[in-house]
Each structure stands twice: as C-alpha cells, then as structure tokens.
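Computation of the quantities below employed the complete heavy-atom set of this structure, encompassing side-chain atoms and omitting hydrogens, waters and symmetry-equivalent molecules.
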Amino acid sequence: MAEGKKIFIVEDERRIARFLQMELEHAGFVTEVEENGRRAYERIIQGDFDLVLLDIMLPEMDGLTICRKVRELSDIPIIMLTARDEIDDKVQGLDIGADDYVTKPFAIPELFARMRVALRKPVKAVDPAEESNEELKLKNITMNITRREVMVDDTGVELTKKEFDLLEYLIRNKRNVLTRDQILSQVWGYDYMGDTNVVDVYIRYLRAKLDDKFNEKYIYTMRGVGYVVKD
C-alpha cells in the first residue's frame, strides 16, 4: 500500500502532524505537511498527492470548506481528522465528499486500514463539461445522473452529494431490499468502516425532501432488514 504513495497531512497541531508524519514515513509513505487551511487548499489542487489527511479546525480555511472546494475539481481520497464525535458532524464531513472520518484520538492501525480502503478508489479529475442523458425514474421522480439533477414532476429537488448517491443506488436496485451494510459498501465505498447509523440519517434526510414534501411514499423500511424503493 505505502510504496510510492504521497500523503498530504493538513493539521495545525504540530505535535499531531509530526506524529502522523513519523508513523507514515516509517510505514514507507512519502509525506508533506501543511498547517494553514488556505495554503493547504492551493497545494492540494496544484499537487500530485495520493491521499489527504485533513483536520477540520484550521486557520484561514476550515477542513470542511477545503473538502467541498476540492470536490469541485478532484476525486482525490480525503480522510477527515477531528476531535468531534457526533453523528451529525460525521454526516456533514461525508456528505461534502470526504471518503472517511477518523475521530481523535485514533490508533495508527485503524487509520492505516481506512487509508487502504480510500486508496483503492480510482482518482479522476471532474470534467464540468461532461454531459450524459442517462436518466433513472421512480414513480414521478426523474434523475439525470451526470448533471446530478432530481425532478419530481416539474419541481427540482436539491440533494447533497451523498443524498443523491444514496437515491441513485436505491433506484438502480428498486424492488430489491437493501441492507444497511450493502448501502454502506456501495454508497460510501467498499469495506467502508463507518457506523450504519449514517444510513438511517440519510434515509431520514431523503424522506424529508421527497416522501414528506411531496406527500408520496417512495422509501419503505423493511424492519430488521433494510430499505427498498418501489414504483
């Protein structure tokens, strides 16, 4: 995993940054460190890093903003590092495009395991000009996949990145009951090591924007199993 891989550590606590740098370099990674958020963003979009370890609390530009802006340009793997441990904070980080979320303090073997998963993701630049007419339909919902647009009849629905990905996966598998573990693996990435509560949070968000808003039943709970959408 480590050979030739270049890891960018964005962390303003120098003790933690130095500890991570030593552990990663001992494991064979090449590392660079930055403590300023704005400079970190510029270096990410200009550099050739294989993965970013990104703290949330940073001077000048916070980690969530960095992640959101980077995702407009690149799919580089990003693992958030933070002392926060609330489920909504985790959801926010994942929702804007982070691949994973590690709460301080963490064990190095756990971090390495999560890095292995993230490094398996193919990295590609996002081409804003790319167009596709592929559409998915569920009842009166229409999804344009590349433009990432969702319409209910003639009304547009604003979904976050992970909400869109979850809805797409559900519709592609409509009438099939999907377990929380299946959803985590497919929407958050193979072997994702997160908490299945994240799935329940996102299902609740989707229901609020679709089922509740349009007074229509799209997402069904199969008690003790998982979720399914039906025409």
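- For K217 and D212, the salt-bridge test fails: no basic side-chain N is under 4.0 Å from an acidic carboxylate O.
- Residues V152 and Y218 form a side-chain contact, since some pair of their non-hydrogen atoms from C-beta on lies under 4.5 Å apart.
- S185 and R180 share no side-chain donor-acceptor pair at under 3.5 Å.
- Annotation for V228: hydrophobic cluster partners, listed by chain and number, are V177, Y220, M222, V225 (ILVMFWY side-chain heavy atoms under 4.5 Å, direct or chained).
- Looking at E110 and R114, a side-chain N of the basic residue comes within less than 4.0 Å of a carboxylate O on the acidic one, giving a salt bridge.
- Between V157 and M151 the shortest side-chain heavy-atom distance does not fall below 4.5 Å.
- Under the 3.5 Å distance criterion, with hydrogens and angles disregarded, a donor-acceptor pair is assigned to the side chains of E25 and T31.
- No side-chain heavy atom of R204 sits under 4.5 Å from any side-chain heavy atom of K209.
- Contact of the E135 side chain with the K137 side chain is registered, since non-hydrogen atoms from C-beta on lie closer than 4.5 Å.
- Looking at residues two or more places apart in sequence or on another chain, you find a side-chain hydrogen bond (donor to acceptor under 3.5 Å, both in side chains) between E216 and K139.
- Screening I56, V102, L64 against T82 for a side chain to side chain contact (heavy atoms under 4.5 Å, CB included) leaves a single residue, I56.
- Checked for salt-bridge contact, R39 and E60 miss the test: no charged N lies under 4.0 Å from a carboxylate O.
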N36/Y41 under side-chain hydrogen bond (donor to acceptor under 3.5 Å, both in side chains): CA gap, chis, key distance, verdict: CA-CA 9 Å; N36 178 277; Y41 169 68; over 6 Å; no
